[in-house]
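Below is one structure, written out as structure tokens, with a few remarks after it.
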Amino acid sequence: MQMNPVLTIALPLILAFTKIMYRRIANLFLVLGSLLNVLVVFFIKEGQYLMGGYAPPFGIVLQVDAYALYSLLVLNVLFAALTILVTKKAENLTSSSLIALAALNGLILTGDLFNLFVFLEIAAIAAIIIASSSKRYHHAFHYMVASIIGSTFYLLGLILLYKQYGTLNMAKMHELMLASPGGSSVAVILIFVGLAVEVKLMPFSGWVKGVLKNADEWIGPMIGAIYGGAMMIVMGRLFTDVFVVSPKVTLLLSILALVTLVGGEAAAYDSEKMREILLYSGVAQSGLEILLILNGYAALSFILILSNMMAKYVMFLLSGYIVNAAGTDVLGDLKGLFRSNPFLGFAFTAAGLSLAGLPLFVGFFIKLNILYNLMMSHSYWLPAIILITSLVEGIYMLRMILGLWQTGLEVQETGIQIISPSNIKTKYAVHAITLILSLAMVVFGLMPDYALDLAQKARGNAVADKPAMMIGMKGGPGQ
Amino acid sequence: MNIIHLILGLFLAGIAAYGIGRLKPAAASWLTLAASWAALLILFLGGDTLAGGNAWGLLAFKMTPLGWFFSMTLLFVYSTNTFFNLSVPAAPTRQAAYPMLYLISLASTIGVFSAENWLALFIFWEIVLWSSTFMIGFGKPGRGSIIYFGMSLLGSFMMLFAILVMGTAYQTFEVKGALMAAAQSPGPALLVFLLMLFSAMVKLGITPFHIWMPEAYHEAPDHFAPVLAGGLSKLGAFTALMVTSFLPASTLMAQPWQVRGLPLLTYILLTVSAVSIVIGTLMAIKQEDAKKLLAYSSVANSGYIMIGMLMGTPMSVSGALVHLLAHALATTVTFMVMAAVARQTGTTRMDELGGLLHRMPITFLAFLTAILSLVGLPPMLGFVSKWLILQSLASQGLFLVAAAAIFGSIGSLLYAFRILSTVFLGQLKPKHRQVREAPAVLLIPLLLLSGVTLVLGIYPYGLVQYTAKIENSLGFADTVQITGLSIQGNNGNLNALLIMGAFAIGFLIALGIFLKAPKSRKVDLMDTYTGGEFIYSPELYSYSTNFFAPLERVYAGLPEISRLYEALANRVRDLGTLVQYLFFSPLPSRTALLISVVTILLIWGEAI
Amino acid sequence: MMELLSLSLLFLGMYGLITKHHVLKMIVSMNVMEIGLNLFITSLGYQESHLAPILSSKFPSSALNFVDPLPQSLVLTSIVIGVGTTAVALAFAKKIYMDYGTLDLEKIEGRL
């Protein structure tokens with residue numbers, strides 16, 4: 001049975017609006033919507049889907065390739081898991097969350113640039129409303145200002161491109177840009193800046209601190225992990241498959257990405273609070289991902305995005321619950337927390353170690369391949385910078401994790417249960433989800449060829465890709 | 001049974017130990033003991049022709065003589081230490097992960113030593129790193145584990161960089177092949193050489209990378225410190241020896257500037273190791289805590305090992321390998337003894353101990369053996385190794401480095417005597433009157449290890465023959481010579497049995513005198529008075545406090561290297577604060593400003 | 001000409017966002033910026049002496065010279081999005097006032 005991918009956009013939208021009539025079972029709508037989405041994703045086949053029967057390049061198409069399919073799968077599964085876990089909290093947020101789901105799916109699926117703008121705006125508004133659920137409206141307002149400036153720039157850039165090339169369809173735009181790339185750089189820069197705001201690139205990321213440093217267990221995974229990952233996937237598609245970026249612009253933007261990487265890790269090193277550390281680490285990682293995308297390592301960046309998304313999801317989710325239980329996320333006050341919660345501690349540790357790039361976890365192979373492929377092009381200083389920032393990241397990540405375990409014989413247990421024992425359903429659900437995700441990281445870490453094959457299949461035949469012979473794949477180097 | 005089965009078996013035993021440990025902790029300790037001794041037995045019986053294997057194409061293993069030597073040393077240390085796991089008095093839930101991490105790190109060290117390509121080696125190296133970090137965290141709270149992790153990660157990343165440079169420049173990751181290719185076409189080979197040696201120096205704890213040792217050893221739980229000190233630092237020696245054998249410094253530089261026949265680069269590194277010996281010895285002399293003192297002694301001894309490997313002559317490499325084993329055995333014993341002492345008395349601070357000879361005689365005997373080996377006195381194994389190293393230094397004519405090495409030897413006598421006498425000799429503090437000897441289960445490993453030290457010291461020929469075999473396998477032209485019962489050196493021969501004989505005769509003479517002479521009268525510590533007053537606090541009158549004050553005054557005011565690292569960490573913190581201030585302001589107007597300014601800059605940058 | 005004017009509106013809006021820290025003034029600046037953008041888009045579609053893209057009795061054929069209608073549809077969408085975001089922003093403004101008693105962001109950030 002084959003389903004049309006537009007269902008992943010339409011179903012949540014319909015449910016979002018009909019929920020108004022059934023306010024009391026609104027939660028059910030949310031869970032239903034996300035589960036139905038997951039179901040639909042399993043039945044989508046690759047190909048191009050026309051909207052309204054208009055053929056491209058005049059009509060809007062949804063294009064489903066391996067890249068989009070894997071992204072949709074991860075996105076919808078993570079979203080569904082979140083809705084199952086946090087149903088009580090999301091009472092006021094069901095509409096905006098469903099709209100967010102629809103918009104994120106649309107972002108990944110669409111094949112038309114203006115359609116992307118529309119979904120971008122919708123996703124942004126939904127995110128802003130979700131962010132405002134923490135009752136800190138000035139932070140949400142900050143996010144809104146940044147987001148509106150971003151979309152304005154995006155539209156400005158888009159319209160300049162339209163003026164030059166006369167089309168809004170992604171594939172056609174790519175063709176035309178390849179043929180005559182000159183004079184489009186200003187537009188490309190504007191589009192990049194517009195998306196960079198959402199993607200948390202420095203220096204456009206001023207809103208991230210306000211929104212995420214007080215994030216609870218809904219906002220954190222949603223905006224910290226799911227949104228970041230989805231937006232980065234969109235960036236990946238745009239800057240690999242659609243736009244042709246001149247080498248000078250690539251260099252300029254790569255400098256920006258490098259500044260983000262270094263600055264983000266330094267800022268995380270300086271932080272004393274768990275959520276701040278996580279958000280700065282997310283900023284830094286997005287710098288690395290953009291760097292890889294811009295320089296043609298699309299397969300590696302894809303797998304990096306997915307792994308970061310899962311790890312950040314687990315860590316933000318747990319930090320939300322920790323803050324609920326302990327009342328604070330200052331690390332100094334949380335010593336010994338994991339000794340009363342060993343399984344959740346293991347999940348958090350696994351996610352953290354995978355982010356730091358230590359073996360037995362999938363993050364190691366990703367980092368190894370990034371460095372290997374960068375060195376294959378004989379540039380030594382870039383891997384050196386990445387290694388230095390990884391060193392800083394490893395240190396602060398381990399400092400946080402060791403402090404949370406603090407298993408010394410002389411330290412008392414805090415006795416705080418992260419999820420109160422009375423809430424049995426949540427307890428088991430959170431345990432299950434986080435442990436499954438962290439075990440996935442271990443499993444992929446032990447058998448990296450599956451993950452790397454996936455990446456290769458998704459992005460290996462992209463036009464601007466470098467041939468990625470990956471360590472850990474069958475027949476890769478080192479065999 | 002091949003290496004992969006061995007490693008996998010240990011991993012699975014570790015996971016099983018975790019599961020069992022949550023239910024019955026004692027059972028987990030027994031499982032750990034059984035698993036490590038079984039692994040030791042398998043490796044011993046398999047010898048260095050134990051079958052290799054290949055998993056997932058990437059993890060290829062092969063047992064070489066060098067690898068077998070190192071694996072046996074590590075396995076011996078780990079296995080004898082498992083006895084100490086049995087006696088740990090700790091609440092069950094906290095320690096359930098300890099046996100698992102123990103066995104995982106053991107399996108990974110075997111993986112490091114038998115890996116056939118650098119990637120597999122690195123993977124297992126990192127697993128050892130994070131598992132040992134968590135195990136250190138089981139001890140006293142403090143910064144020790146994170147300093148250990150940070151420094152070791154620095155070392156591993158340097159090694160990773162070097163590995164990837166080799167892999168991309170020479171298209172191969174195979175351990176020997178990559179190094180030999182680098183030797184042939186030294187383009188980036190100099191970088192590779194330096195990075196690999198630096199990473200080995202971090203792991204061994206050689207200045208200026210030694211700052212993690214005192215903190216980590218001090219804070220590590222007493223039952224893990226022997227493994228950490230005696231075993232894990234030797235991983236660095238492994239990679240260093242591989243690198244210096246297959247990628248000698250003489251091929252790396254176009255102009256062969258030489259000092260006494262050695263390339264300049266080697267000489268510089270030799271000097272650094274010599275400095276490490278001196279610094280380690282001096283810092284050890286002024287310590288008040290026994291574990292920190294032993295940590296600095298490890299810093300000094302690592303210098304010896306490095307010197308032996310860098311010189312590259314058959315005798316020096318043999319000396320380095322023998323010293324490695326001697327140091328592993330001796331340090332393990334000393335840390336185990338401190339663990340036993342801490343278990344019985346509750347402290348490792350030297351000014352709170354004293355006179356334990358009367359209460360823990362067997363422990364004292366083991367400790368004496370280990371200390372003699374560390375100092376390098378016959379008839380212990382440490383003497384053989386120091387003789388080999390000093391012989392090679394002398395025959396190469398490196399008198400400055402030799403002076404540092406001899407200073408290290410004599411200085412080690414100072415701090416060795418200090419720890420021996422303050423802990424065991426001297427007068428028993430009143431509160432320790434009820435202390436009893438360590439339980440039998442802890443005495444077994446102590447006696448085993450000190451026995452091995454003694455036996456190998458008297459009859460080292462089998463060991464030295466094996467090092468000759470290792471040198472053969474590493475491609476040395478000629479190896480250390482043994483004729484009959486003496487090891488040939490340039491300036492004389494070492495006949496260990498003869499020395500033991502002389503020592504034994506001397507000992508018997510002294511014993512005779514002791515037995516014939518009138519006995520001394522034992523006086524209690526508090527049985528004294530000063531100026532007509534009576535005394536009440538035993539701590540002040542222990543003669544171990546401020547033992548070497550005159551010597552310490554000489555170098556008391558010198559700065560410590562750890563301040564450099566702290567300064568670096570603070571600079572990173574400052575950068576982070578700057579970034580937070582500039583780019584993460586809470587006002588939207590700042591964000592808007594940044595967006596506009598950067599966009600303008602980008603567009604302008606594109607246009608020019 | 002029209003393009004320059006609309007771009008200057010856009011820059012004016014940006015200027016407002018950069019320099020003002022009163023919430024309502026920022027919302028007004030956002031609107032000015034969006035208006036500028038919309039005008040810019042429409043003006044880009046314009047070509048000299050072309051007709052409005054409406055079929056009527058006077059210009060019945062769609063093969064005649066029309067101004068590009070695509071940007072105008074984009075602008076429609078953009079206007080609607082702008083309305084939505086302004087509504088949410090005003091709701092936030094009200095909430096900020098209820099929480100802090102002032103709409104001046106500099107005063108609020110100082111209070112945190």
Side-chain angles (χ1 to χ4, degrees), chain A residues 141-142 145-146 149 153 185-186 189-190 193 197 202-210 248-249 252 256 263 266-271 339 353 358-360 364 371-372 375-376 378 380 383-384 387 390-392 394-395 398-399 402 405-411 447 449 471-472 474 477-479, chain B residues 56-58 90 93-97 117-120 122-124 126-127 129-130 133-134 137-141 145-146 149-150 153-154 157 160-161 164-165 167-168 171 173 221 572-580 582-588 590-592 594-595 598-599 602-603 605-606:
Chain A
F141 184 72
H142 188 167
V145 167
I149 298 178
F153 278 32
S185 300
V186 173
I189 289 175
L190 284 171
V193 168
V197 171
M202 268 163 60
F204 316 115
S205 51
W207 58 268
V208 179
K209 181 173 179 189
K248 196 195 291 187
V249 174
L252 288 171
L256 219 56
Y269 189 80
D270 187 36
S271 303
R339 291 192 305 173
L353 290 179
L358 292 173
L360 279 195
F364 169 72
L371 293 166
Y372 178 66
M375 271 207 213
M376 285 287 271
H378 297 292
Y380 284 173
L387 273 176
S390 296
L391 180 65
V392 173
I395 293 179
L398 255 286
R399 191 176 59 194
L402 280 171
W405 279 107
Q406 200 64 58
T407 44
L409 297 171
E410 298 166 16
V411 177
M447 292 191 278
D449 45 339
I471 302 175
K474 293 257 176 332
Q479 308 266 346
Chain B
W56 303 310
L58 181 63
T93 50
R94 272 181 256 170
Q95 303 289 341
N117 66 24
W118 282 110
L119 293 172
F122 184 74
I123 290 175
F124 284 111
E126 293 281 270
I127 298 178
L129 172 60
W130 65 255
T133 307
F134 279 110
F138 277 105
K140 303 183 186 52
S145 44
I146 195 65
F149 181 76
L153 197 64
L154 175 68
F157 279 166
L160 179 62
F161 198 80
L164 288 174
V165 167
T168 53
Q171 308 302 326
F173 283 107
V572 175
R573 222 178 270 270
D574 291 341
L575 177 64
T577 317
L578 180 69
V579 164
Q580 284 190 25
L582 276 183
F583 296 118
F584 288 94
S585 137
L587 285 178
R590 177 85 66 86
T591 312
L594 283 170
I595 297 178
V598 171
T599 317
L602 283 173
I603 295 179
E606 189 277 331

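Throughout, protein chains are lettered first and strands after them, A, B, ... in sequence-line order, and every chain is numbered starting at 1. Keep in mind that this is a model prediction, so the values were computed, not measured.
With respect to chain B, the highest number of heavy-atom pairs below 4.5 Å among A:S271, A:S390, A:P203 belongs to A:P203. The residue among A:P383, A:S205, A:G210 with the most heavy atom pairs within less than 4.5 Å of chain B is A:S205. Listed options A:F141, A:F153, A:W207 were ranked by heavy-atom pairs under 4.5 angstrom with chain B; first place goes to A:F153. Ranked by heavy-atom pairs under 4.5 Å with chain A, the first of B:L582, B:L575, B:V165, B:L160 is B:V165. Between chain A and the residues B:L578, B:T599, B:D574, B:L154, the largest count of heavy-atom pairs under 4.5 Å involves B:T599.
With a 4.5 angstrom heavy-atom cutoff, B:S585 touches chain A only via backbone atoms. Residue A:A268: no heavy atom, backbone or side chain, is found under 4.5 Å from chain B. For B:L587, the part sitting under 4.5 Å from any heavy atom of chain A is the backbone (N, CA, C, O) and nothing else. Both the backbone and the side chain of A:K209 have a heavy atom closer than 4.5 Å to some heavy atom of chain B. Heavy atoms of A:F364 lying under 4.5 Å from chain B belong exclusively to its side chain. Contact of B:F161 with chain A is made through backbone and side chain together, with heavy-atom distances under 4.5 Å. Both the backbone and the side chain of A:L387 come within contact range of chain B, with heavy atoms under 4.5 Å apart. Heavy atoms closer than 4.5 Å to chain B are found in the side chain of A:M202, but not in its backbone. Both the backbone and the side chain of B:V572 have a heavy atom closer than 4.5 Å to some heavy atom of chain A.
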- Test side-chain contact (heavy atoms from CB on, under 4.5 Å) on B:I146 and A:L398 and set out the steps. CA-CA 7 Å; B:I146 195 65; A:L398 255 286; 3.7 Å; yes
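Atoms CG and CG, from B:L602 and A:L190 in turn, are 9.5 Å apart once rounded to the nearest 0.5 Å. Between the CZ atom of B:F138 and the OG atom of B:S145 there is a distance of 11.0 Å, given to the nearest 0.5 Å. Taking CG of B:L129 as the start and OG1 of B:T133 as the end, the distance is 4.5 Å to the nearest 0.5 Å.
Taking the ring centroids of B:F173 and A:Y372, they lie under the 6.0 Å cut-off.
Considering only heavy atoms from C-beta on, B:V598 comes within 4.5 Å of A:F204 through its side chain. B:E606 is listed as a side-chain neighbour of A:I189, based on a closest heavy-atom distance under 4.5 Å. Inter-residue side-chain proximity for B:R590 and B:F583 is flagged as unmet; no heavy-atom pair is nearer than 4.5 Å. Using a 4.5 Å heavy-atom cutoff, the side chains of A:L256 and A:L252 are not in contact.
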